[in-house]
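The next block holds one structure in the form of structure tokens; read it before the comments.
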Amino acid sequence: MKNEIKKKLITSALPYVNNVPHLGNIIGCVLSADVYARFCRARGYDTLYVCGTDEYGTATENKAREEGLTPQEICDKYHKIHSEIYDFFNIKFDIFGRTSTNTQKDISHLIFKDLEKNGYISEHSSKRTYCDFDKMFLADRYVEGICPKCGYEEARGDQCDKCQSLLEPEDLKEPKCKVCGKEPALKETTHLHLDLDKISPELEKWFKEQSKTGKWTNNALTTTEGWFKRGLSSRPITRDLKWGVPVPRPGFENKVFYVWFDAPIGYISITAHSRDDWKDWWQNPKEINLYQFMAKDNIPFHTVLFPASLIGTKEPWTLLHHINSTEYLNYEDTKFSKSRNVGVFGSDVKTTGIPIDLWRFYLLSIRPEKNDSIFSWTDFFGKINFEFLDNIGNLVNRGLVYLEKNFDGEIVDLELKDYQNEFVLDCIEKINEITEALENIKLRDGLRLILLLSKAGNKFFQDAEPWAKIKTNRDEVHATLTILTYLIKNLAILLSPYIPETSERLFKMLNYPDDLYSPEIWDSVTEFKGLKKHKIGKSEILYKKLDLKDAEKWKKKFSGNFLNFSILNIKTGKIIEVESHPNASHLYVLKIDIGEGKPRTICAGLTKFFKPEYLLDRKVLVLTNLKKANLSGVDSEGMVLTAEKRKKVELFELENSSIGENLIAENQTPNKNQIDIETLKKVELSVKENTLLWEENPLFINGQEVKTININNGKVR
């Protein structure tokens with residue numbers, strides 16, 4: 001049965017713009033929401049799927065400091081990275097925007113002024129963490145320390161990642177400034193608060209009604225109930241920052257809205273920035289059901305704080321109908337960590353060469369709906385090979401090839417025998433269960449049921465024994481293969497929210513006449529007749545089985561033992577002086593200009609390969625963050641990189657590069673921290689087909705690949 005016909009407004013938690021999303025981030029919000037949005041479109045529901053990058057706040061300021069960029073430059077850079085990753089994962093947003101817009105400012109001001117008018121905004125002076133060394137108040141994420149509730153030693157000033165408690169920087173024990181590492185002091189400042197205690201009675205009434213009507217996930221219920229049991233109090237909605245939505249109130253010109261207050265407003269502003277009819281979606285509660293997808297750490301922002309902000313305006317905003325919150329996806333036996341290079345991040349997926357639908361299938365099959373789940377390379381390869389390819393892939397291959405071989409690929413609706421009718425009725429019952437699971441957003445259960453349906457198809461083929469009956473009862477065999485072809489068509493529709501590229505390929509193989517993405521396509525999903533004399537297209541193997549040896553290779557690569565290129569800071573330099581080393585005949589002492597104002601002294605073992613006049617005024621690649629080393633009495637402040645093969649050495653071609661330009665890998669930012677020679681050896685640099693590579697990824701200077709002329713394939717030293 002279809003849901004009540006209401007428009008489906010679907011959001012995915014807005015990812016912080018300052019990072020690269022890992023697989024847990026992807027399955028926890030954008031991918032899960034994509035599956036439901038695709039299902040709703042296939043059902044013919046009027047659907048709008050909205051997401052975008054959360055760009056204001058401390059996290060962005062912090063990242064800008066780390067990378068030496070402005071906050072806006074950080075936002076532009078990482079918004080592009082997020083967009084590319086989600087596009088590669090085939091996430092079909094209706095709108096993917098960002099919060100650093102004037103529209104965000106305007107709507108945040110609108111909501112704030114309504115709250116202020118209704119008496120829900122108050123001023124509070126208090127002592128806040130202040131760094132005397134950096135001369136600034138330290139907002140949430142600029143402070144780290146010990147959680148006062150669970151003792152976790154790396155709690156942030158806004159939240160403890162271990163016990164999920166929301167915190168204030170002043171709550172932490174042994175706090176430290178993340179900028180300079182010093183202990184902050186307390187200094188008085190004034191902030192605006194949202195008086196949640198005044199809104200609480202109406203908010204709690206809404207929660208009790210809506211959580212039942214909308215069938216909220218269990219972790220959302222328990223988390224929200226916990227907030228009400230503890231009692232709501234006023235919470236600050238402003239911060240002493242520069243990067244954010246300005247506060248429209250005299251005396252607060254040097255403050256911005258706290259990100260917890262304005263970030264959820266981003267759902268509205270992103271819609272308004274793209275569509276003139278945004279109010280039809282966001283101020284139309286009678287006709288709209290709002291579905292929000294996220295991991296469990298975002299629950300209170302969406303079930304307490306954001307609804308309170310909207311309810312307090314006394315305007316007809318569209319409020320949350322259903323929250324779909326997951327637990328966490330962990331990596332192997334630990335957590336994802338970009339700093340430790342542990343786990344698979346969105347930018348890594350393309351490097352594996354594994355088709356994206358296989359990633360989608362696996363992540364959705366282990367979606368952490370009730371408990372934390374684990375990404376395991378061994379399990380990944382096993383599920384693909386044995387649950388997907390040996391099941392759905394096998395059914396497609398056997399059914400379609402047999403129809404092509406024996407009946408010229410033609411479907412014919414024939415009279416069915418009792419066992420065939422029973423199988424069709426059983427399939428229809430299973431399909432209805434799958435539809436019901438998706439209507440109730442039980443995505444993992446829906447995929448499990450699809451696999452059971454396909455498994456039943458394989459058993460039906462085996463039990464029917466077409467190879468034994470083909471000579472004695474062709475009509476019965478033809479009817480069996482026709483049923484299986486209809487089943488494959490229905491499986492293509494059922495799988496389309498999960499693995500859309502595979503569904504498209506199945507439709508092409510079937511030469512199916514209808515559009516896979518047409519509204520109401522789901523209405524045909526229980527049909528096992530109607531394509532008389534239809535001829536299928538050319539069948540093909542869905543995917544090759546994954547080599548289990550590769551599972552160990554990828555597991556090792558993403559275990560933290562392999563280092564990203566980003567630990568290296570390599571720049572173009574120009575050799576301005578060449579001298580023989582006074583104590584080592586195999587070394588030159590080079591003076592190299594890398595754009596720092598003062599040239600660096602670098603010892604290089606190049607005397608066997610190049611004469612001084614060849615090196616003078618030559619541009620070279622210089623590793624600038626190698627720890628200073630004393631080589632036979634001369635301090636060396638870096639390393640010149642060369643290509644090498646069979647005792648032949650070559651410098652890289654850099655004539656089109658400017659002094660001081662960085663060598664970069666896609667989606668990685670050079671690190672200025674110093675490294676030693678042993679760490680350098682763990683970064684796999686090589687030359688293949690005259691191109692400088694990190695592992696299998698080309699490296700660039702100002703958008704251009706770095707090349708050699710003579711050495712086609714070799715090492716880099």
Side-chain angles (χ1 to χ4, degrees), residues 11-22 25-26 29-30 50-89 91 93-108 139 141-142 178-179 239 241-246 256-259 262-275 338-339 345-350 564-566 569 571 657-658 660-672 697-705:
T11 72
S12 167
L14 305 181
Y16 278 131
V17 77
N18 67 315
N19 60 20
V20 178
H22 57 65
N25 302 139
I26 290 168
C29 47
V30 294
V50 178
C51 189
T53 43
D54 175 7
E55 302 194 351
Y56 283 136
T58 313
T60 304
E61 278 196 359
N62 218 13
K63 192 68 172 179
R65 285 174 181 271
E66 289 176 10
E67 297 195 13
L69 300 173
T70 67
Q72 187 62 64
E73 288 171 336
I74 282 290
C75 292
D76 294 343
K77 172 183 174 179
Y78 281 92
H79 177 80
K80 183 174 183 289
I81 290 171
H82 278 266
S83 299
E84 289 172 348
I85 288 170
Y86 302 143
D87 184 60
F88 185 70
F89 267 87
I91 309 296
F93 303 110
D94 292 298
I95 304 171
F96 186 76
R98 52 201 306 188
T99 59
S100 60
T101 64
N102 285 330
T103 312
Q104 173 77 0
K105 181 192 73 174
D106 293 342
I107 295 179
S108 296
R141 292 186 174 229
Y142 280 122
K178 283 194 67 175
V179 179
R239 272 293 185 256
L241 294 173
K242 295 179 180 179
W243 183 246
V245 174
V256 299
F257 282 124
Y258 197 171
V259 70
D262 86 276
I265 295 171
Y267 299 122
I268 303 171
S269 75
I270 287 168
T271 310
H273 197 72
S274 298
R275 295 178 65 120
K338 193 67 175 175
S339 62
F345 287 73
S347 52
D348 300 321
V349 170
K350 189 183 294 187
N564 278 342
F565 177 77
S566 60
N569 196 311
K571 294 184 177 183
S657 303
S658 300
E661 285 189 308
N662 270 105
L663 180 71
I664 62 171
E666 188 175 4
N667 296 335
Q668 294 196 38
T669 302
N671 193 331
K672 296 179 181 179
N697 307 294
L699 299 171
F700 303 88
I701 292 180
N702 198 22
Q704 300 295 315
E705 293 181 354

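Note: hydrogens, waters and symmetry copies are ignored here, and every other heavy atom, side chains too, is used.
V17 and C75 make their closest contact through CG2-O, 3.6 Å (heavy atoms, listed as atom of the first residue, atom of the second, distance). S274 and I95 make their closest contact through OG-CG2, 3.4 Å (heavy atoms, listed as atom of the first residue, atom of the second, distance). Here the closest non-hydrogen pair linking S269 and I107 is CA-CD1, 3.8 Å. Summarising the geometry of P71 relative to A64, their closest heavy-atom pair is N-CB, 3.8 Å, with the distance given to 0.1 Å. Between D54 and A263, the shortest heavy-atom distance links the atoms OD2-CB, 3.6 Å. In this structure, E61 and W243 approach most closely via the heavy-atom pair OE2-N, 3.0 Å.
At least one side-chain heavy atom of V349 sits less than 4.5 Å from a side-chain heavy atom of F89. Looking at heavy atoms from C-beta onward, F88 lies out of side-chain contact with I85 at the 4.5 angstrom threshold. For the pair S658 and N702, the minimum side-chain heavy-atom distance is 4.5 Å or more. Taking 4.5 Å as the limit, every side-chain heavy atom of N25 sits out of range of all side-chain heavy atoms of P15.
H273 places no side-chain N or O within 3.5 Å of a backbone atom of N102 that could act as its donor or acceptor partner.
Taking CG of D94 as the reference point, atom CD1 of I270 lies at 13.0 Å (rounded to 0.5 Å). In this structure, N19 CG and T60 OG1 are separated by 9.5 Å, a value rounded to the nearest 0.5 Å. Rounding to the nearest 0.5 Å gives a distance of 10.5 Å between CZ of F565 and CG of N697. To the nearest 0.5 Å, atom CG of residue D262 and atom OG1 of residue T99 are 6.5 Å apart. Taken from CG in L14 to OG1 in T53, the straight-line distance is 8.0 Å, to the nearest 0.5 Å. One distance of note links CZ of R98 with OH of Y78; it measures 14.0 Å at 0.5 Å rounding.
The side chain to side chain donor-acceptor pair (under 3.5 Å) search around D87 returns none, not counting sequence neighbours. Applying the side chain to side chain donor-acceptor pair (under 3.5 Å) rule to E73 yields the partners T70; only residues at least two apart in sequence or on another chain are considered. Remark: Y267 pairs with H302 by the side chain to side chain donor-acceptor pair (under 3.5 Å) rule, at least two apart or across chains.
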Practice task
Check the pair Q104 / E55 against side chain to side chain contact (heavy atoms under 4.5 Å, CB included), numbers first and verdict last.
Solution key: CA-CA 11 Å; Q104 173 77 0; E55 302 194 351; over 6 Å; no
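Within a 6.0 Å radius of CD in E705, more than 12 heavy atoms belonging to other residues, nucleotides or ligands are found.
Ring geometry for Y86 against F93 counts as perpendicular: the plane angle is over 60°, on a 0 to 90° scale with 30° as the lower cut.
A centroid separation of less than 6.0 Å is found between the aromatic rings of H79 and F96.
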